[in-house]
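What follows is one structure encoded as structure tokens, with my remarks underneath.
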Amino acid sequence: MSSKLAAAKLDGFVLGIVAAAVLASIFPVSGTAENVLTWVTKISVALLFLLYGARLSPTEALEGVKHWRLHSVVLASTYILFPLIGLALRILAPTVLTDDLYTGVLYLCLVPSTIQSSIAFTSIARGNVAGAVVSASLSNILGVFVTPLLVILLMNTSGQATVGVSAVGDILLQLLVPFVVGQLLRPLVADWLSRHSAPTKIVDRGSILLIVYSAFSASMNEHVWSSESVWHIVAVVVVCAGLLAVILAVTALIGRWLKFDRADRIVILFCGSKKSLASGLPMASVLFAGQPVGLIVLPLLIFHQIQLIVCAVLAGRYERQEVA
């Protein structure tokens with residue numbers, strides 16, 4: 001009976017992700033409402049990292065920083081495995097994918113891993129949260145420099161391919177600072193949080209739903225979906241789903257092959273298979289100035305949604321296994 005209840009709870013979360021995407025497509029926000037949504041999303045992510053900092057003991061956090069083997073595997077998946085697969089997919093253009101859409105597929109293979117959802121799903125799956133915090137954050141900080149470099153090396157771009165150092169500041173301000181504040185507050189709130197897991201779960205899932213709604217709302221305002229044929233959109237969906245399936249299978253096998261424990265294998269699976277919409281969209285606007293940015297980021301938008309749904313299912317399965 002308990003397993004059925006857990007499955008129903010998971011299904012509710014997945015349905016919530018789908019509902020957020022549908023609602024944003026029907027009722028996209030703009031103007032002041034869009035600015036409010038952006039700030040609410042940022043605040044929810046900052047609150048999430050404050051809670052992570054409050055729940056993690058300093059010893060666990062230090063072990064997360066020292067686990068270089070884990071972080072190396074995640075970075076290799078993000079910046080070596082993904083780009084190699086992206087280059088191999090060149091055979092799909094221009095027959096299955098248009099040149100612009102293939103450019104988008106290759107670009108999604110070059111962007112950093114997500115931070116918030118990678119860590120949230122690792123937490124839900126009862127994985128190594130400290131390791132996930134370091135791996136995902138390191139991927140994003142390095143991505144500010146690595147992603148533009150890979151774009152220059154592997155793609156033909158016009159304009160000046162530069163990304164401001166403000167991106168690093170945003171990562172530190174929104175993620176690292178709340179985490180440190182949480183560590184400082186830990187003596188006051190750690191016992192209460194250990195007895196009440198609901199606040200963290202609500203922020204975990206709520207922040208993901210906010211990101212989905214915000215991303216799809218922005219895509220509707222930019223008329224991304226109406227600029228391509230139905231066939232090409234279906235092709236991108238199939239390619240993105242296949243790409244995610246391959247990456248999930250490879251990261252799962254690598255974790256076992258290198259004999260990582262269960263908690264670390266979860267980090268490799270979730271951090272090594274993700275691609276960040278939050279980092280990818282701003283970079284694309286700079287790297288592809290004067291080009292059809294909406295079409296180029298369409299594969300990233302679709303991949304992002306698929307990865308959230310699939311990883312929500314996987315995280316729930318891991319959670320149920322751990323509870324059992």
Side-chain donor or acceptor of [X] paired with backbone N/O of [Y] under 3.5 Å:
X: Ser72; Y: Trp68; result: yes
X: Arg262; Y: Arg126; result: yes
X: Tyr79; Y: Val111; result: no
X: Gln307; Y: Lys275; result: yes
X: Ser139; Y: Ser135; result: no
X: Tyr107; Y: Gly280; result: yes
X: Thr147; Y: Leu110; result: yes
X: Thr251; Y: Leu248; result: yes
X: Ser77; Y: Val74; result: no
X: Ser113; Y: Cys271; result: yes

Below 4.5 Å, heavy atoms only, C-beta onward: do [X] and [Y] meet side chain to side chain?
X: Leu301; Y: Leu108; value: no
X: Cys311; Y: Lys274; value: yes
X: Pro299; Y: Val239; value: no
X: Phe303; Y: Val105; value: no
X: Leu269; Y: Phe121; value: no
X: Leu106; Y: Leu89; value: no
X: Val73; Y: Phe260; value: yes
X: Tyr102; Y: Arg90; value: yes

Taking all atoms of both residues into account, what is the closest heavy-atom pair of [X] and [Y], and its distance?
X: Leu150; Y: Pro83; result: CD1-CG, 4.4 Å
X: Ser25; Y: Ala21; result: OG-O, 2.8 Å
X: Asp99; Y: Ala93; result: OD1-CB, 4.0 Å
X: Val189; Y: Ala54; result: CG2-CB, 3.7 Å
X: Ile247; Y: Phe82; result: CG1-CZ, 3.5 Å
X: Ile266; Y: Ala125; result: CD1-O, 3.4 Å

Query - Single hit among Leu153, Val146, Val151 for side-chain contact (heavy atoms from CB on, under 4.5 Å) with Leu149 - result: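 Exactly one candidate clears the test, Leu153.
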Query raised in the report: When you look at Leu314 and Phe270, which way does the side chain to side chain contact (heavy atoms under 4.5 Å, CB included) test go after all the steps?
Result: CA-CA 9 Å; Leu314 291 175; Phe270 289 126; 4.1 Å; yes
Requested in this report: Please name all residues satisfying salt bridge (charged side-chain N to carboxylate O under 4.0 Å, His left out) with Arg256, sequence neighbours left out, ordered by chain then number.
Outcome: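 With neighbours one apart ignored, the set is empty.
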Test of understanding: clusters of I, L, V, M, F, W, Y form through side-chain heavy atoms closer than 4.5 Å, transitively. Do [X] and [Y] belong to the same one?
X: Trp257; Y: Leu81; value: yes
X: Leu75; Y: Leu253; value: no
X: Leu51; Y: Ile43; value: no
X: Val238; Y: Leu300; value: no
X: Leu97; Y: Ile91; value: yes

Nearest-0.5 Å distance, [atom1] of residue [X] to [atom2] of residue [Y]:
X: Leu37; Y: Ser30; atom1: CG; atom2: OG; answer: 11.0 Å
X: Thr78; Y: Leu142; atom1: OG1; atom2: CG; answer: 10.0 Å
X: Leu258; Y: Leu70; atom1: CG; atom2: CG; answer: 10.5 Å
X: Cys240; Y: Ile306; atom1: SG; atom2: CD1; answer: 5.5 Å
X: Arg317; Y: Ile124; atom1: CZ; atom2: CD1; answer: 14.5 Å
X: Leu298; Y: Thr98; atom1: CG; atom2: OG1; answer: 9.0 Å

Query raised in the report: Between Ser117 and Thr114, do the side chains contain an N or O donor and an N or O acceptor separated by less than 3.5 Å?
Result: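 Distance-only check passes for Ser117 and Thr114.
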**Report entry** More than 12 heavy atoms from other groups under 6.0 Å of CH2 on Trp192
**Finding:**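 Count over threshold, so yes.
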Requested in this report: Give the other cluster members for Ile202, using side-chain heavy-atom distances under 4.5 Å between Ile, Leu, Val, Met, Phe, Trp and Tyr residues; answer none if it is isolated.
Outcome: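 Under the 4.5 Å side-chain rule, Ile202 groups with nothing.
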Query raised in the report: Given His67 and Val134, is the side chain to side chain contact (heavy atoms under 4.5 Å, CB included) satisfied, shown in steps?
Result: CA-CA 9 Å; His67 203 345; Val134 176; over 6 Å; no
